[in-house]
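See structure below.
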Amino acid sequence: MPELPDVETFRRYLDANGLDRTIARTHVEAEDLLEGLTAQGLGQRLKGRRLTATRRHGKYLFAARDDYDGWLVLHFGMSGFLQAVGPGESPPQHTRMTLDFEDGGVLAYAALRKLGLIAWTDDPAAFAAARGLGPDALAIERAAFVQAVRCHRGGVKCWLMDQSALAGVGNVYSDEVLFQAGLHPKRKGNRLGEAEADRLYDALHAVLEAAVDARADPDRLPEGHILPLRGKEAPCPRCGGPLSPIKACGRTGWYCPACQPAG
DNA sequence: CTCCATGTTTAGAA
DNA sequence: CTTCTAAACATGGA
């Protein structure tokens, strides 16, 4: 489920389970996930080393080698996750890459669909720039956000999901942000009033922070969110009316037509 | 068998 | 140039 809150949860999981352990070897099961390096190259970069720090930009997770001369880059596609595996235990299904520690434990990168990415970079910020990523959705300042969204002539849901405009928000969380802001997914950015853009910014941060606190588990979110209801025959938690599907950017979104009227 | 899925990239049409 | 849509990728689940 890797959008920003999921990846932030993985980052904290890696902090707790993957740092300061010497890597004995790496295993790459799915070579096609590697970008710009080979399985052997990954091993050479990490063998005998430790990871000592993490960063996140949007949906990308970075882990620094102990000498800070290079960072492991992970993207989780639609189905990726991390799993720490104890000595003697077997890694999860669909494990695509593992870091095998000298202590006998393993950190597995698993993904049902091979849509993620494993890479290496000297500098996370340069990597993000080279990929054309916009500012991180949790780091962007209010003024920059409001200015950017109000310059965009297209639909606001698509804009929220555009990683070059704002990094970290995907299909699911864009729905939640728009629901909390009370804005229709197809409202045009340049037709938002100042107060509406402000509300969108507030909702963006409230939703992402709540989701990170919930460890990206929909069932752990407080009441009043539509994320756990998507695709189900459930009433809007605010007005009790029916939620509707809507196509945008080639994806299916969910919203409440009563609480999120078209502009 | 069919349709759909938390992402990204690319091609083509307005 | 901007914006939108569909398809492709990989691998299932319903």
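Convention: sequence-line order gives letters A, B, ...; per-chain numbering from 1. From a predicted model like this one, the values you see are computed outputs, not experimental measurements.
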Value in whole Å for how far the P atom of B:dA5 lies from CG of A:Asp175
11 Å

Between A:Leu133 and A:Lys247, the residue closer to the 5' end of DNA chain B by nearest nucleotide is A:Lys247

Hunt down the Watson-Crick or G-U wobble partner of C:dT3, both distances under 3.5 Å, from any strand shown, or write none.
B:dA13

C1' gap between B:dT8 and C:dC1, integer Å:
22 Å

Checking only heavy atoms, does the side chain of A:Arg251 share a donor-acceptor pair with the base of B:dA5 at less than 3.5 Å?
no

Please tell me which of the listed nucleotides, C:dG12, B:dG7, C:dA10, lies nearest to the side chain of A:Leu112?
C:dG12

Between P on C:dC9 and CG on A:Asp32, what's the gap in Å once rounded to a whole number?
13 Å

Please state how far atom CG in A:Asp6 lies from atom P in B:dA5, giving the value in whole angstrom units.
17 Å

Taking the side chain of A:Arg153 as its heavy atoms from C-beta onward, which of C:dT2, B:dT6, C:dT11 lies nearest to it?
C:dT2

Got a salt bridge between A:Arg142 and A:Asp202, using NZ or NE/NH1/NH2 to carboxylate O under 4.0 Å?
yes

Going by an N to O cut-off under 4.0 Å, is there a salt bridge joining A:Arg230 and A:Glu176?
no

Respond yes when some side-chain nitrogen or oxygen of A:Lys114 is under 4.0 Å from OP1 or OP2 of C:dC9, and no when none is.
no

Taking only the side-chain nitrogens and oxygens of A:His75, find out if one of them lies under 4.0 Å from OP1 or OP2 of B:dT8.
yes

Considering only B:dT6, B:dT8, C:dC4, which nucleotide approaches the side chain of A:Cys158 most closely?
C:dC4

A:Cys256/A:Cys236 sulfur gamma separation below 2.5 Å
no

Re B:dA5: Watson-Crick or G-U wobble partner, both distances kept under 3.5 Å, found to be C:dT11

Using the P atoms only, state how far C:dT3 lies from B:dT6, rounded to an integer number of Å.
24 Å

Between A:Thr252 and B:dA5, does any side-chain N or O lie under 4.0 Å from OP1 or OP2?
yes

Under a 4.0 Å threshold between the charged nitrogen and the carboxylate oxygen, would A:Glu29 count as salt-bridged to A:Arg96?
no

Rounded distance (Å) that lies between atom C1' of B:dT8 and atom CZ of A:Phe127:
12 Å

So does A:His152 get a side-chain nitrogen or oxygen closer than 4.0 Å to the phosphate oxygens (OP1/OP2) of C:dT3?
yes

Students often get this wrong, so: under 4.0 angstrom with heavy atoms, is A:Gly154 touching a base, only sugar-phosphate, or nothing?
sugar-phosphate

Just compare C:dC4, C:dT11, B:dG7 and give me whichever is closest to any side-chain atom of A:Lys188.
C:dC4

Between A:Arg65 and A:Asp67, is there a salt bridge with N-O shorter than 4.0 Å?
yes

Can you check the A:Glu8 CD to B:dT6 C1' distance for me, whole Å?
17 Å

Nearest-0.5 Å distance that lies between atom CZ in A:Phe81 and atom CZ in A:Phe10
8.0 Å

Round to a whole Å and report the spacing from CZ of A:Phe76 to P of B:dG7.
14 Å

Check every strand shown and say whether A:Gly116 touches a base, only sugar-phosphate, or nothing at a heavy-atom separation below 4.0 Å.
nothing

side-chain N/O A:His94 vs C:dT11 OP1/OP2, d < 4.0 Å:
no

How many whole angstroms separate atom CZ of A:Arg191 from atom P of C:dT3?
13 Å

Rounding to an integer number of Å, can you tell me how far A:Leu227 CG sits from B:dT6 P?
11 Å

